[in-house]
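For reference, the structure discussed in these notes is given below.
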Amino acid sequence: MKTDIKSLIMEAANAAREETGDHIESQFTQRPQWPIDCTVGPGLEGAIACESAVGYVNGTAGRLIYRGYDVFDLCTHANYEEVSYLLLHGRLPNEAEYKKFNETLIKDRYLPLTLRQLMGFPVEAMNSMASLRLGTLLLRQTLTSRDLDDDRPDISTAIGADEDSIAMELAPLGKEHATYEFKQEQKKPENGLDNAAEIRSCYHLIAALPTIVAAVHRVRNGEMPIAPDAELSHSANFLYMLTGKKPTPTEEKIMDVALILHADHGMNASTFATLVVASTLSDIYFSVGSGISALNGPLHGGANENVLYTLQEIGNEQNVESWVEKTLATNEKVPGFGHRVYKAYDPRARILAPLAKQLAQEHPEHMELYKVAAKLEEVMISRLGDGKKIFPNVDFYSGLVYSAMGIPPYLFTPIFAVSRVAGWTARTIEYLQNNRIFRPRAIYTGEFDKTYIPIKNR
Ligand code: ACO
């Protein structure tokens, strides 16, 4: 079965190469001399935020490259663990490196303390992305370079008096009463990054997010979280923790391909949000928490959930034409279409589309929805493909793939985060090597010289 999925990916890759070629956009691939001139539109469209060797989205050719490797080849031959290592370290691991990396990831899947803390919150009543963000921030309690013991004030000297002698009931009245006095100087991280500790935190985040997502899912359904299985791959273990069943090789490969496809994607909104926070020398957990928040929006990672609801709303193939007519007439955006960078077919959708079809054939109850999607793609491309260069994006087929694997819509965006954490962390590590705090300007369009009017006269 594994080879079937592989050949589907290879067919999609060949179609992409034949249709679009591999023209490299020189304006986005040559080292600039800073400062640079660029034409910037609203939403920072066209702005160059930084240099990066992590990945390249070729919007003209519809190609996606991670560290020099075409994502089609990585989906065919690699697994998510290798791809994460590649993104973080800049090269594929050799056998010994892979073994060590994998052992660390497996160890970091286990989160008894974090899960216990997380279960203290009403996660069953919370939005699943909110629970994931909360869980991610709780992970920080156990491992961050900012909190390593040698960065903490020494407890014995930290407080200038023993606790019993501090008159807690007294309001502080100045120096004399300022009893809480941290005497040990905090060490400032050099170069914005304690690399050894931060890379360890990146591994921790990559390994731990699936456990949090799966635990939240189980609790939402009135079930106990399932402990990770050290014998399973990253993707198989994730599916196992979600469902309680060991996945088939096909399911494992499809989840792995989905995770690889979402792992990195240039300077997208959630990656940028992650870097903005990291650039303040906040830490990687806070930074990834911001990435999760940005990814949640329906214009970004949240679109995959909306795609499924849209397909369900359309209901059947016959309704597609009239639905599109009505939606475009009111200038509404169709979820799962369009992209800021791709002006060609999104390579990730190229792979996910045949996988969605294959799964629909294996699970006929999903065939009707797949047919609606295929028809919607056809109608949208015929109306907006040539002119506005609107094609399906990654979110269009990912929901169908997950649905056919029995995964509910509220998990679609968290799964996106489970994958994208590799790209967020890899780019953070890279950016902090030459950190400069992000600080664009806004054009002030307000008034000047107004005279203050007391409230009672307004
Ligand atoms: N449906 C219909 N028309 C669209 C769509 C769409 N999904 N996307 C863009 N267009 C049209 C716009 O109306 C606009 O037309 P106009 O020039 O006549 O005004 C033109 O195409 C350009 O669109 P913009 O909104 O300017 O493109 P932008 O780069 O700002 O937005 C975005 C990209 C946000 C992804 C947009 O296409 C969209 O909202 N898509 C739907 C949501 C979605 O699928 N998001 C997931 C993106 S992938 C990801 O984040 C993982």
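Computed over heavy atoms, backbone and side chain alike; hydrogens, waters and symmetry mates excluded. One-based numbering along the sequence shown. We count ligands from 1, going down the list as the structure has it; atoms in each ligand are counted the same way. Bear in mind that the values here come from a model prediction, so they are computed numbers and not experimental data.
- Nearest protein heavy-atom neighbour of atom 42 (C) of ligand 1: P298 O, 3.9 Å.
- Remark: atom 22 (C) of ligand 1 lies closer than 4.0 Å to no protein heavy atom.
- At a threshold of 4.5 Å between non-hydrogen side-chain atoms, the residues E45 and V40 do not count as touching.
- If you check each of R383, E45, K333 against atom 12 (C) of ligand 1, the one with the closest non-hydrogen atom is K333.
- Distance from atom 45 (N) of ligand 1 to its nearest protein heavy atom, with residue and atom name: L299 O, 3.1 Å.
- Considering only heavy atoms from C-beta on, L275 stays 4.5 Å or farther from L432 through its side chain.
- Which of R340, E332, R348, H300 comes nearest to atom 29 (O) of ligand 1 through a heavy atom is settled by distance: it is R340.
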task: Could you please spell out the steps behind the side-chain contact (heavy atoms from CB on, under 4.5 Å) verdict for R383 and I390?
output: CA-CA 9 Å; R383 299 197 49 147; I390 300 289; over 6 Å; no
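- Under 3.5 Å, the side chains of W424 and S270 contain a donor-acceptor pair of N or O atoms.
- Ranking protein heavy atoms by distance to atom 40 (N) of ligand 1, first place goes to F337 O, 2.9 Å.
- Distance check for atom 27 (O) of ligand 1: every protein heavy atom is found at 4.0 Å or beyond.
- Contact annotation for atom 7 (N) of ligand 1: protein present (non-hydrogen atoms, distance under 4.0 Å).
- Counting only N and O atoms by type, the side chains of E81 and S233 include no donor and acceptor under 3.5 Å apart.
- Looking only at protein heavy atoms, the nearest one to atom 43 (C) of ligand 1 is A303 CB, 3.5 Å.
- Looking from atom 35 (C) of ligand 1 to the surrounding protein, the closest heavy atom is G338 O, 3.8 Å.
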- prompt: How far apart are the C-alpha atoms of E25 and T60, what are their side-chain angles, what is the distance that settles it, and do they pass the side-chain hydrogen bond (donor to acceptor under 3.5 Å, both in side chains) test?
  reply: CA-CA 8 Å; E25 305 147 308; T60 317; 2.6 Å; yes
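- One side chain, N79 or Y98, offers a donor N or O that lies under 3.5 Å from an acceptor on the other.
- The single protein non-hydrogen atom nearest to atom 15 (O) of ligand 1 is K388 NZ, 3.2 Å, given as residue, atom name and distance.
- Residue G336 has at least one nitrogen or oxygen atom sitting less than 3.5 Å from a nitrogen or oxygen atom of ligand 1, judged on distance alone.
- H262 and F416 have perpendicular rings, their planes meeting at more than 60° on a 0 to 90° scale where under 30° would count as parallel.
- Within the 4.0 angstrom cut-off, atom 32 (C) of ligand 1 has no protein heavy-atom neighbours.
- Residue-level proximity to ligand 1 for F416 is carried by the side chain, the only part with a heavy atom below 4.0 angstrom.
- The protein non-hydrogen atom at the shortest distance from atom 46 (C) of ligand 1 is D395 OD2, 3.3 Å.
- For the 3.5 Å distance criterion, the side chains of E377 and Y345 qualify, holding a donor opposite an acceptor.
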